[in-house]
There are 2 protein chains.
Amino acid sequence: MRISEAASRSGLKIDTIRYYEAEGLVPNVARGGDGQRRFSQENIDWLTLLYWLRETGMPMKVMQRFAALYAQGDETIPDRKEILLDHSRRLAKRRHDLDRCDEILARKLEIYEEYLK
Amino acid sequence: MRISEAASRSGLKIDTIRYYEAEGLVPNVARGGDGQRRFSQENIDWLTLLYWLRETGMPMKVMQRFAALYAQGDETIPDRKEILLDHSRRLAKRRHDLDRCDEILARKLEIYEEYLK
DNA sequence: TTCTTGACCTTGAGTTGCTCCAGGCCGGTA
DNA sequence: TACCGGCCTGGAGCAACTCAAGGTCAAGAA
């Protein structure tokens, strides 16, 4: 697969994929004889995972560490598991923040309604 | 109130408050005779709202517009209401993203477990 | 066959939204 | 009077993209 398809499948932009690769977040991207990137299904799955991790606020440093472990093979699975569990805990915190903000917005909107009445 | 107290009450850092003020996000910050900022309760409430809007991903441009309307007085309440409703819709989208990511993480962790067994 | 188009490449600059630091002022305390 | 903490400003640094310039190459149209 070429980069445009990798982008549309993973959700990341083309520029972002190139940037991530340069930063070591995407191991094993092959190149065709023309020098262009070729993405395997495994690459796409990995990019998709990165997309969701980014979308939910994982910092690049963590992704870098995660990618480095991934590149090292299966014996790093316990470490990777730790990272994902950790992120999952962050998601819970974020959900809590959303709830809190919802409350605040609801209260504010109530005040506006009161004023507009 | 001085800036350190404004920071601890709103959740924003001191530097962030100064930055926000410089960018026009915080109308009507008074100064004492010594040139130092004095924050009213209204300022604090406003900063706290900004804290939650930022925390949940509102871009600065939107906050800027929101602040400009706020500074113009009560007749802009309908516009401000629109902005908050809009943001509230974004929060729903974000919650959906969190759910989606949770699923993906759960699936990934399952695969890891399978491997570690 | 030459020309154009489109997708890709690299390098480097620009943007957003903070965050931190240097250097300076001022009021209170030892 | 010397020091301290908290405040000030201006400007540099940073994270994570995002975009623009300039170039290559394959494929199809004229």
Side-chain angles (χ1 to χ4, degrees), chain A residues 1-26 28-40 43-44 46-68 83 87 90 94 97 101, chain B residues 1-26 28-40 43-44 46-68 83 87 90 94 97 101:
Chain A
M1 261 171 253
R2 277 175 295 176
I3 197 166
S4 58
E5 199 177 345
S8 65
R9 295 212 186 192
S10 67
L12 294 169
K13 291 188 185 173
I14 288 177
D15 281 338
T16 307
I17 293 174
R18 284 202 274 251
Y19 171 64
Y20 277 7
E21 195 203 352
E23 295 298 307
L25 267 69
V26 199
N28 307 322
V29 179
R31 297 276 178 148
D34 52 2
Q36 296 185 7
R37 293 169 182 81
R38 302 293 154 168
F39 295 86
S40 65
N43 288 150
I44 302 296
W46 178 253
L47 288 171
T48 306
L49 179 56
L50 290 187
Y51 170 82
W52 285 106
L53 293 177
R54 179 197 68 175
E55 213 59 11
T56 51
M58 180 179 282
M60 281 216 14
K61 293 235 162 126
V62 180
M63 289 202 240
Q64 248 152 7
R65 174 159 161 64
F66 187 54
I83 290 173
H87 189 62
R90 297 267 198 88
R94 266 162 194 271
D97 283 351
C101 191
Chain B
M1 260 170 251
R2 279 177 293 178
I3 198 165
S4 57
E5 200 176 345
S8 64
R9 294 212 187 194
S10 66
L12 295 169
K13 291 188 185 178
I14 289 177
D15 282 336
T16 306
I17 293 174
R18 285 201 274 250
Y19 171 66
Y20 277 6
E21 195 203 352
E23 295 299 305
L25 267 68
V26 198
N28 307 322
V29 178
R31 297 274 180 149
D34 51 2
Q36 297 187 4
R37 294 169 182 80
R38 301 294 154 167
F39 296 86
S40 65
N43 289 149
I44 302 296
W46 178 252
L47 289 172
T48 306
L49 180 56
L50 290 187
Y51 169 82
W52 284 106
L53 293 177
R54 179 195 69 173
E55 213 61 10
T56 52
M58 178 178 283
M60 281 217 16
K61 291 231 163 129
V62 181
M63 288 203 244
Q64 248 151 8
R65 174 159 160 63
F66 186 54
I83 290 174
H87 190 62
R90 297 270 198 86
R94 264 161 197 271
D97 284 352
C101 191

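Below, chains carry the letters A, B, ... as their sequence lines are ordered, and counting in each starts from 1.
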Within the 4.0 Å heavy-atom criterion, would you say B:Arg31 contacts the bases, only the backbone, or no part of the nucleic acid?
sugar-phosphate

With side chains defined as the heavy atoms from C-beta onward, is the minimum distance between B:Arg9 and B:Leu47 less than 4.5 Å?
no

Within this structure, what is the CD1-to-C1' distance between B:Ile17 and C:dC20, rounded to whole angstrom?
16 Å

d(CG, B:Leu50; C1', C:dC18) in whole Å:
14 Å

Write out a two-atom table: protein N or O, nucleotide N or O from nucleotides 5-7 of chain D, distance below 3.5 Å.
from	atom 1	to	atom 2	distance (Å)
D:dC7	OP1	B:Ser4	N	3.3
D:dC7	OP1	B:Ser4	OG	2.8

Polar atoms only, N or O, under 3.5 Å: list the protein pairs with nucleotides 22-28 of chain C and their distances.
none

Ignoring hydrogens, what is the shortest heavy-atom contact between A:Ser10 and A:Ile17? Give both atom names and the distance.
OG-CD1, 4.1 Å

Show every side-chain hydrogen bond (donor to acceptor under 3.5 Å, both in side chains) that has at least one partner inside residues 46-58 of chain B, sequence neighbours left out.
B:Thr56-B:His87

Mind listing the closest non-hydrogen atom pair of B:Phe39 and B:Ile3 along with its distance?
CE1-CA, 3.6 Å

Once you round it to whole Å, what is the distance between C1' of C:dC9 and CZ of A:Arg38?
12 Å

Polar atom pairs between nucleotides 17-21 of chain D and protein, under 3.5 Å, N or O only, would you list them?
from	atom 1	to	atom 2	distance (Å)
D:dC17	OP1	A:Arg54	NH1	3.2
D:dC17	OP2	A:Tyr20	OH	2.5

Contact check, side chains of A:Arg2 and A:Arg38, non-hydrogen atoms, under 4.5 Å:
yes

Check salt bridge (charged side-chain N to carboxylate O under 4.0 Å, His left out) between B:Arg94 and all other residues, then give those that pass, not counting sequence neighbours.
none

Would you kindly give the CD-to-P distance between B:Glu23 and D:dG10, to the nearest whole Å?
13 Å

Would you say B:Gln64's side chain and B:Glu23's backbone share a donor-acceptor pair under 3.5 angstrom?
yes

Are there more than 12 heavy atoms of other residues, nucleotides or ligands under 6.0 Å from atom CZ of A:Arg90?
no

Restricting to non-hydrogen atoms, name the atom on B:Arg31 and the atom on B:Gly35 that form the minimum distance, rounded to 0.1 Å.
NH1-O, 2.9 Å

By side chain to side chain contact (heavy atoms under 4.5 Å, CB included), which residues pair with A:Asn28, not counting sequence neighbours?
none

Could you tell me how far apart B:Tyr51 (OH) and C:dG17 (P) are, to the nearest whole angstrom?
17 Å

In terms of heavy-atom contacts, does CZ of A:Arg65 have more than 12 from other residues, nucleotides or ligands at under 6.0 Å?
no

Mind calculating the distance between CG (A:Leu12) and P (D:dA16) to the nearest angstrom?
14 Å

